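The following block contains the structure, expressed as structure tokens.
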Amino acid sequence: MNRKIKNLTMKNWNTWSAEEEQQYPFGKTYTTGKAFRLRINSKQICDDLIDIFNITPNKSLTLKPPILENEQLIKAFIIGLIDGDGGVNLFKVKGKVNSIEIDLTGTIEVLNWVKYWFDTWVPNNHYKCAKPKQSMNSKAYRYHVAGKRGIELWKILSQVNVPKLKRKWHKPLPYF
């Protein structure tokens, strides 16, 4: 399908959020975080999310790679995967942060697609090439890159101008 999602703005979105205090049986009261629900009332946008981005229920076990040609959209999609089912982690050696690990969980098809793009942007010259592996006791797969390659990929993806989870993407800022 050749249709493109254009001019999707907040006015097209129906969002709901809540932040409230909740008392638990053991006596402590906590403020819950914000929750957001996105309801899309446009059949065309819903069709595009399915046809172009392959968004489906239970995505960690069913998602297929999106049909994207624009590299910025590919990077944005991968950032969303990391925000949703992955992480950006710091590694320390002798108390000093010296590396970043980027990890993802998902289907073998999506993780092989991510690996293809990671290998394109920062070729893997190491003899032990990382590849997606099935997680223990799960139908999902896991893929991660670390070391200098992790740092370079983090730098590339950090430069993409899309919203990112600060708790994941800002951790390395003081170090790299």
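Remember, it's a predicted structure, so these values are computed and weren't measured experimentally.
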Under 3.5 Å donor-acceptor, K168 side chain and G86 backbone: yes

Gap separating the CD atom of E152 from the CD1 atom of I100, nearest 0.5 angstrom: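 Reported value, rounded in 0.5 Å steps: 9.0 Å.
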
Hydrophobic cluster membership, F91 vs I151, 4.5 Å side-chain cutoff: no

Test item: I40 and L49 side chains (from C-beta on) under 4.5 Å apart, heavy atoms: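 Heavy-atom side-chain distance check passes, below 4.5 Å.
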
Heavy-atom side-chain contact between E109 and T62 under 4.5 Å: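 Not touching, per the 4.5 Å side-chain cut-off.
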
Shortest non-hydrogen contact between P163 and I79, atoms and distance: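 Closest pair (atom of P163, atom of I79, distance): O-CG2, 4.4 Å.
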
Shared hydrophobic cluster for L157 and L165 (ILVMFWY, side-chain gaps under 4.5 Å):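 L157 and L165: separate clusters.
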
Any side-chain heavy-atom pair of Y143 and I108 under 4.5 Å: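 No, every pair of side-chain atoms sits at 4.5 Å or beyond.
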
Same cluster (ILVMFWY, side-chain, under 4.5 Å), V160 and L173: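 Both belong to a single hydrophobic cluster.
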
Shortest non-hydrogen contact from Y141 toward T107: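 Shortest heavy-atom contact: CD1-C, 4.4 Å.
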
I82 and I78, any side-chain heavy atoms less than 4.5 Å apart: yes

CG (N161) with more than 12 external heavy atoms under 6.0 Å: no

Test item: V114 and F118 side chains (from C-beta on) under 4.5 Å apart, heavy atoms: yes

Minimal non-hydrogen separation, A146 against S99, with atom names: C-OG, 4.0 Å

Salt bridge flag under 4.0 Å for residues R149 and D119: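 Yes, charged N to carboxylate O under 4.0 Å.
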
Cation over ring face, K75 and W121, 6.0 Å, 45°: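 Here K75 passes the 6.0 Å and 45° test against W121.
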
ILVMFWY cluster, L81 and I50 together (side-chain gap under 4.5 Å): no

Trace of the side chain to side chain contact (heavy atoms under 4.5 Å, CB included) decision for D85 with L104: CA-CA 6 Å; D85 282 328; L104 293 122; over 6 Å; no

Contact check, side chains of F77 and W113, non-hydrogen atoms, under 4.5 Å: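 Side chain of F77 against side chain of W113, heavy atoms only: contact under 4.5 Å found.
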
Pair H144-I102, side chain to side chain contact (heavy atoms under 4.5 Å, CB included): steps then yes or no: CA-CA 5 Å; H144 65 99; I102 297 175; over 6 Å; no

Ion pair E101/R142, N-O distance below 4.0 Å: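 So E101 pairs with R142 through a salt bridge.
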
P66 vs I52 side-chain heavy atoms within contact, under 4.5 Å: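 They are not in side-chain contact.
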
Side-chain (K92) to main-chain (V97) donor-acceptor, under 3.5 angstrom: no

Gap between atom CG of D51 and atom CD1 of I67 - 0.5 Å precision: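 Answer for the CD1-CG pair, I67 versus D51, is 7.5 Å.
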
Interatomic distance, N112 atom CG to W117 atom CH2 [nearest 0.5 angstrom]: 14.5 Å

Closest contact, heavy atoms only, K164 versus S158: NZ-O, 3.4 Å

Side-chain heavy atoms of K115 within contact of N124, under 4.5 Å: no

Joint cluster assignment, V162 & L68, ILVMFWY side-chain distance < 4.5 Å: yes

Between CG on residue D48 and OG on residue S42, distance to nearest 0.5 Å: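 So the CG of D48 and the OG of S42 are separated by 8.0 Å.
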
